[in-house]
Amino acid sequence: MLDKTYDAGSVEPAIAKRWEEEDAFAAGANAQTGAEPYCIVIPPPNVTGSLHMGHALNSTLQDILVRFERMRGKNVLWQTGMDHAGIATQMVVERQFAERGEPTRREMGREAFIDRIWEWKAQSGGHIATQLKRLGASCDWSRERFTMDEGLSRAVREVFVSLYKDGLIYRGKRLVNWDPTFETAISDLEVENRETDGHMWHFRYPLADGETYEYVEKDAEGNVTLRETRDYISIATTRPETMLGDGAVAVHPSDERYAPIVGKLCEIPVGPKEHRRLIPIIADAYPDPDFGSGAVKITGAHDFNDYAVAVRNGIPLFRLMDEKAALRSDGEPYAEEVARAKAIREEGGKPDAARVDAINLVPDEYRGLDRFEARRRVVEAITAEGLAVTTTDAEGNSVPFVENRTIMQPFGDRSGVVIEPMLTDQWFADAETLARPALDAVREGRTRIVPENWTKTYYGWMEDIQPWCISRQLWWGHQIPAWYGPDGHVFVERDEETALSAAIQYYIAHGGPMKAFIEDKLENFKPGEILERDEDVLDTWFSSALWPFSTLGWPDDARELKTYYPTNVLVTGFDLIFFWVARMMMMGLYVMDEVPFDTVYFHALVRDKNGAKMSKSKGNVIDPVELVDEYGADALRFTLAIMAAKGRDVKLDPSRVAGYRNFGTKLWNATRFAQMNGAAGGDTFVPEKAKLTIDRWILTELGRTAREVTEALEDYRFNDAAASLYRFVWNQLCDWYVELAKPIFGGDEPYAKRELQSCMAYVLDEAGKLLHPFMPFMTEELWRQTAAERGETRETLACHAPWPEIAFADEEAAAEINWLVEVVSAIRSARAEMNVPPSAKAPLVVVGADATTAERLERHEAAIMRLARVERIEKADEPPRGSVQLVVEEATMCLPLGELIDLDGEAERLSKALAKAEQEVARLEKKLANEKFVANAKPGIVEAEREKLAEAHETRDKLTLAEGRIRQAR
RNA sequence: GGGCGUGUAGCUCAGCGGGAGAGCACUUCGUUGACAUCGAAGGGGUCCCUGGUUCAAUCCCAGGCACGCCCA
């Protein structure tokens, strides 16, 4: 016998153990011979991560699909694993060192540090895999992969080399987002732009050689509002410290105010006066004439917009900061460096990037300062010199003009510090070229995006894709397979040996001094002194992009690769459209020449019950593991599934989880009831042989539900599938079916009882199977226990049970039970309204019943008596005096309640019902009287409306009669 | 500024051209042998506003208002 309540806490681990022992989720488990493959690769969670609600939702949906297809007999693989999360992992481990007072990573060196990360991973990494198991995720855990595994690393090297040789990877000096905490470049997508309080300073850049011009301002009508002679141009900036690296001042070509001075030089008003640099005033479309003064300083090495302007106009890019975003302290004294910069300007032409980058234009007094301290000092110096634009304050004093304004500032999503746009040498992938086939694949429908509206976002991003910076200045990750020769020539090969032979070949062939150098090294057996490996590692997303095929065995000719690639669906949050989807698409098509997945399903974000994004700082994070502890994994899974409507955020309120835990308990108890009545383990039941109406009815509903669930899952409508099951299990199976079964179980018809036992067992089995993908633990446990009760063992686990396909349908039976439900509900409702005590029983007198109703009454007499608390059922030609009269179809059901009846109340109730019926008749008559409706509406609709009208007429007539009777009785 | 989306019961949300629905919450009643993690009955809506299309609009279209998210 089942326990009185289901205890998730003890059942779940036991079931998990069974699944593991029986290898239930191994690739191909339960596959029918020659079965279609079905594969999902998990979007790899981060090795440092722990399960949050997003993962819980994501994994639940994947698991539902995978369990569903496995039960359908497909050859299923849910490939799992984790990515190595370069920055995050390095951060976690370094923090741990700091806490323990251990040496820093630089102190211990690269190799030792990497060893320590592996140690860390073995001890505390991958916590999330354990948590996914608690959720019931039916991945093939034996195939778990890690992006830093040897096989996957080999895939990374192969792809890198191949892309490089195809000209799709190159190295260059570009502006990138620099995280000064981690001292690495990071991706645009790892930068969070936030509004912050900032200042806008206004400074004067004096014109060179004391030049002056007429500065004229006009209003909208063209009237002159200001005319003065100026010997300067004023600019506005939020980042004064970058003035040191200015390469030009830009104005809009149409800006008449500055037209006279375009092409002239002005002086940067900072640094030692005798060495101030002169920079040109250029015309470019970038400055907005209506913003600030209309003139913009151009610092190409520290601002993305400026960078574009500088590149367009051949303005040199002077880098001011080092890896920590402190002002540079390398190079020669300021005076010498300025002279070099001047020389470059005077030479004209396109400046050599490396030569420019070597110039340190930070005045000696500012070298080594933090960027924010430098800002303060620069502002102070300019203001002291009187070159700040001034305004008058409330007391009439002249004060520097500084505006307080909110500015968009970039922050590192992990470090939280202000990101510095910085000119550095990096490796880039030609995303534009790679994106083209990825765009076509979606346009041509080879990959389908669900819900469809995300395709627009996908197109938009892919069409405007920027070069992908793939190098990171980290130690943890795939070191780039690029080696430099003594002259800086780069050799990109899959390993050092190959690179070396390529280098030798290259240098020997090219002759010259390098040839001699190489020959010398080789003669002295010191090949290790020839090449030096690039220190950078690859962006974690580079390896994640290969995930759909690298995990299946690529670059080897693996069987799994042939079977499961392309995979069927990628399930992920829409916030990861650019990370996983875009990159996996690009790499899948480049490497495999085939899309990585047929379908991409985007689910929503999980928010708190008020719709706010969950975040640690807000303190509104709900820990899925805590919910699992409290309510069980099944309850959480069901909640997430039923709330996962397409294109909607999931607002999670823990009370909902409690509600679905109750749902599980309900099913548990209904099964317990069945068991107590000898109904358990329905393997042998044949629906077509059922005779009892309630059996034929519940089988019809079961079939309907099975179809609904199947169709909904095939269409990724998880919420519809779950809702359909909820309705069936609670409102039909556990409610009416069980209630209607009671009189039969308690009665004395052995045949009926036997059929009911096997039918109920069957329906519970099938319902359990349908629920299995949603609530795997409880359904697995019920599956076992219901058989064990009869001393039997199931042939398969529930997770391998065949998915229900029920063709049975009997609409007649369905109509009959609907009628029965209506009769019982009507009586109950009337009793409650009349305040009839629950203990009081009354006879039921039926007037005007036709043959069908008479038959039904006889068949369900016991049920009606029990459920509606009726003493006996009689037929009569006229309703007894003083009865409550209920119209159900053609018949009038009367409850002679004697003095219990409140005649006035009953009269009122009937006239309300009558009014409603008349309203309905009027509405339908009006509609059918409309010639245009009859002429234009589909015939089926018109017919249906006519039938409705006929029914409404009948109801109205019966109610009119009933009302008349009650009036007489008063 | 560009894009996407959302306004339906107190709350969270389904529905989406022909009868306004669910869960939770609320009110009243209930210890009948599956279940109080329950059962019975009930109250509660200008389906954001304004137009348009249509025989018919909560649903389609246009505009507006409000809110959310993403990208500049």
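Lettering follows sequence order; numbering is per chain, from 1. This one's a predicted model, so the numbers in the text were calculated from it and none came from an experiment.
Remark: B:G68 base-pairs with B:C4. Criterion, Watson-Crick or G-U wobble with two distances under 3.5 Å. Applying the Watson-Crick and G-U wobble criteria (two distances, each under 3.5 Å), B:U46 pairs with nothing in any strand. Searching all strands for a Watson-Crick or G-U wobble partner of B:C16 with both distances below 3.5 Å returns nothing. Look at B:A57: it lacks any Watson-Crick or wobble partner with both distances under 3.5 angstrom. Shown here, B:G39 forms a base pair with B:C29; the pair counts as Watson-Crick or G-U wobble because both key distances fall under 3.5 Å. Judged by Watson-Crick or G-U wobble contacts below 3.5 Å, the nucleotide B:G23 has B:C11 as its partner.
Across all non-hydrogen atoms, the minimal contact from A:Val884 to A:Ala830 is CG1-CB, 3.8 Å.
A:Glu192 comes within contact range of no nucleotide atom at all, as no heavy-atom separation falls under 4.0 Å. Using a 4.0 Å heavy-atom distance criterion, A:Arg661 is classed as a base contact. A:Arg866 comes within 4.0 angstrom of nothing in the nucleic acid, heavy atoms only.
With the nearest nucleotide of RNA chain B identified for both A:Glu945 and A:Thr457, A:Thr457 has the one nearer the 5' end. Checking A:Ala670 against A:Asn193, the closest nucleotide of RNA chain B that is more toward the 5' end is the one next to A:Ala670.
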Determine all donor-acceptor pairs shorter than 3.5 Å in which one atom belongs to a side chain in residues 672-679 of chain A; sequence neighbours excluded.
{"from": "A:Arg672", "atom 1": "NE", "to": "A:Leu2", "atom 2": "O", "distance (Å)": "3.2"}
{"from": "A:Gln675", "atom 1": "OE1", "to": "A:Leu2", "atom 2": "N", "distance (Å)": "2.9"}
{"from": "A:Asn677", "atom 1": "ND2", "to": "A:Phe673", "atom 2": "O", "distance (Å)": "2.9"}

Donor-acceptor pairs under 3.5 Å, side chain of residues 946-954 of chain A to any protein atom, not counting sequence neighbours: which ones?
{"from": "A:Lys948", "atom 1": "NZ", "to": "A:Glu945", "atom 2": "OE2", "distance (Å)": "2.8"}
{"from": "A:His953", "atom 1": "NE2", "to": "A:Glu925", "atom 2": "OE2", "distance (Å)": "3.1"}

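In this structure A:Glu190 satisfies the side chain to side chain donor-acceptor pair (under 3.5 Å) test with no other residue, sequence neighbours excluded. Evaluation of the side chain to side chain donor-acceptor pair (under 3.5 Å) rule for A:Asp306 yields no partner, not counting sequence neighbours. When the side-chain contact (heavy atoms from CB on, under 4.5 Å) test is applied to A:Arg194, the partners found at least two apart in sequence or on another chain are A:Glu192, A:Phe411.
Contacts classified as salt bridge (Lys or Arg N to Asp or Glu O under 4.0 Å) and involving residues 459-469 of chain A (residues at least two apart or in different chains) are given here: A:Arg443-A:Glu463. Applying the side chain to side chain donor-acceptor pair (under 3.5 Å) test to residues at least two apart or on different chains, the pairs with a partner in residues 861-873 of chain A are A:Arg872-A:Glu874. Sequence neighbours left out, the pairs with a member in residues 631-643 of chain A that pass salt bridge (Lys or Arg N to Asp or Glu O under 4.0 Å) are A:Asp63-A:Arg637. The stretch residues 726-740 of chain A participates, sequence neighbours left out, in these salt bridge (Lys or Arg N to Asp or Glu O under 4.0 Å) pairs: A:Glu739-A:Lys742.
Comparing B:G19, B:A34, B:U37 by their nearest atom to the side chain of A:Met676 picks out B:A34. For A:Cys734, counting side-chain heavy atoms from C-beta on, the closest listed nucleotide (B:A34, B:U32, B:A14) is B:A34. Considering only side-chain atoms of A:Glu739, the nucleotide from B:A72, B:U37, B:A34 that sits closest is B:A34.
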What nitrogen or oxygen pairs link the protein and nucleotides 52-57 of chain B at under 3.5 Å?
{"from": "B:C55", "atom 1": "OP1", "to": "A:Asn936", "atom 2": "ND2", "distance (Å)": "3.4"}
{"from": "B:C55", "atom 1": "O4'", "to": "A:Asn936", "atom 2": "ND2", "distance (Å)": "3.4"}
{"from": "B:C55", "atom 1": "O2'", "to": "A:Asn930", "atom 2": "ND2", "distance (Å)": "2.9"}

Between the protein and nucleotides 20-27 of chain B, which nitrogen or oxygen pairs are less than 3.5 angstrom apart?
none

Protein-nucleic acid N or O pairs under 3.5 Å, nucleotides 40-44 of chain B:
{"from": "B:A41", "atom 1": "O3'", "to": "A:Ser829", "atom 2": "OG", "distance (Å)": "3.3"}
{"from": "B:G42", "atom 1": "OP1", "to": "A:Ser829", "atom 2": "OG", "distance (Å)": "2.7"}

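Between A:Lys742 and B:A34 there is a side-chain polar atom (N or O) within less than 4.0 angstrom of OP1 or OP2. Residue A:Lys456 places at least one side-chain N or O closer than 4.0 Å to OP1 or OP2 of B:C4. For the pair A:Lys666 and B:C35, the criterion of a side-chain N or O lying under 4.0 Å from OP1 or OP2 is not met. Using a 4.0 Å cut-off, some side-chain N or O of A:Lys4 falls inside it from OP1 or OP2 of B:C35.
For the side-chain hydrogen bond (donor to acceptor under 3.5 Å, both in side chains) with A:Ser724, the lone residue among A:Glu708, A:Arg704, A:Arg707, A:Glu711 that qualifies is A:Glu708.
Ring geometry for A:Tyr726 against A:Trp730 counts as tilted: the plane angle lies between 30° and 60°, on a 0 to 90° scale.
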